[in-house]
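What you are looking at is a predicted structure, and each value in this text was computed from that prediction instead of being measured.
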Amino acid sequence: QLQASGGGLVQAGGSLRLSCAASGRTFSSFSMAWFRQAPGKGREFVAAINWSGRDTNYADAVKGRFTISREDAKNTVYLQMNSLKPEDTAVYYCAVARLYYGLTADRYEYWGQGTQVTVSS
């Protein structure tokens, strides 16, 4: 089970840190990722980190503003979001996959329930 938290309402230019804690099993050998879905739009890749934490992958829209990290001792992945924009408003989902940390949502095996991020202008 994956539990996402940390969402909320923030003004443009502000920051939020999302967390996704796994329970029931360890995901230390899995890649972990964040996706988002805005109203009326499809699920969009945001960022991913491989099992070792050495390699990351970001969507162009968030490069330089968002940072993904993991803490395997806590079975948790984080998404630090800085310089937030109104277009970042969405429900953010965490996901895990074996040996994959790309953009394709279907390749991820386990999903969290989502946390709402709202950025006001």
(request) Give a yes or no on whether the backbone of Lys41 and the side-chain of Gln37 come within a donor-acceptor separation of less than 3.5 Å. (result) yes

(message) Tell me whether Gln1 contacts the main-chain N or O of Ala22 through its side chain, where contact means a donor paired with an acceptor under 3.5 Å.
(response)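 Side chain of Gln1 to backbone of Ala22: no pair is present.
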
(message) Could you measure the distance from the CZ atom of Arg65 to the CE atom of Met81? Nearest 0.5 Å is fine.
(response)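 Reported to 0.5 Å precision, the distance equals 9.5 Å.
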
(message) Just to verify, what does Tyr92 make a ring pair (Phe, Tyr, Trp, His ring centres under 6.0 Å) with, not counting sequence neighbours?
(response) none

Looking only at heavy atoms, what is the nearest atom pair of [X] and [Y], with distance?
X: Ala97; Y: Tyr108; result: CB-CD2, 3.5 Å
X: Ser15; Y: Ser83; result: OG-N, 4.4 Å
X: Cys94; Y: Leu2; result: SG-CB, 3.8 Å

(request) Spell out, yes or no, whether Ile68 and Tyr93 are grouped together once hydrophobic residues are joined by side-chain heavy atoms under 4.5 Å, including indirect joins. (result) no

(request) May I ask you to test the Leu16-Leu84 pair for a side-chain heavy-atom distance under 4.5 Å? (result)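 Contact flag for Leu16/Leu84 side chains = yes.
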
(request) Identify the residue among Asn50, Asp55, Ile49 that makes a side-chain contact (heavy atoms from CB on, under 4.5 Å) with Ser52. (result) Asn50

(message) In this structure, is the centre-to-centre distance between the rings of Phe35 and Phe45 below 6.0 Å?
(response) yes

(message) Both conditions, 6.0 Å and 45 degrees, for the charged tip of Arg43 above the ring of Trp111: are they met here?
(response) yes

(message) Looking at Lys63 and Asp60, is there a salt bridge between them, counting it only when a charged N and a carboxylate O are closer than 4.0 Å?
(response) yes

(message) Check Asp72 with Lys74, please: is the shortest side-chain N to carboxylate O separation under 4.0 Å?
(response)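 No salt bridge links Lys74 with Asp72.
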
(message) For a side-chain hydrogen bond (donor to acceptor under 3.5 Å, both in side chains) check, start with the C-alpha distance between Tyr110 and Arg25, then their side-chain angles and the critical distance, and finish with the verdict.
(response) CA-CA 11 Å; Tyr110 303 94; Arg25 65 172 297 168; 3.2 Å; yes

(message) Does Gln116 form a side-chain hydrogen bond (donor to acceptor under 3.5 Å, both in side chains) with Thr118? I'd like the steps, not just the answer.
(response) CA-CA 6 Å; Gln116 176 70 48; Thr118 303; 3.3 Å; yes

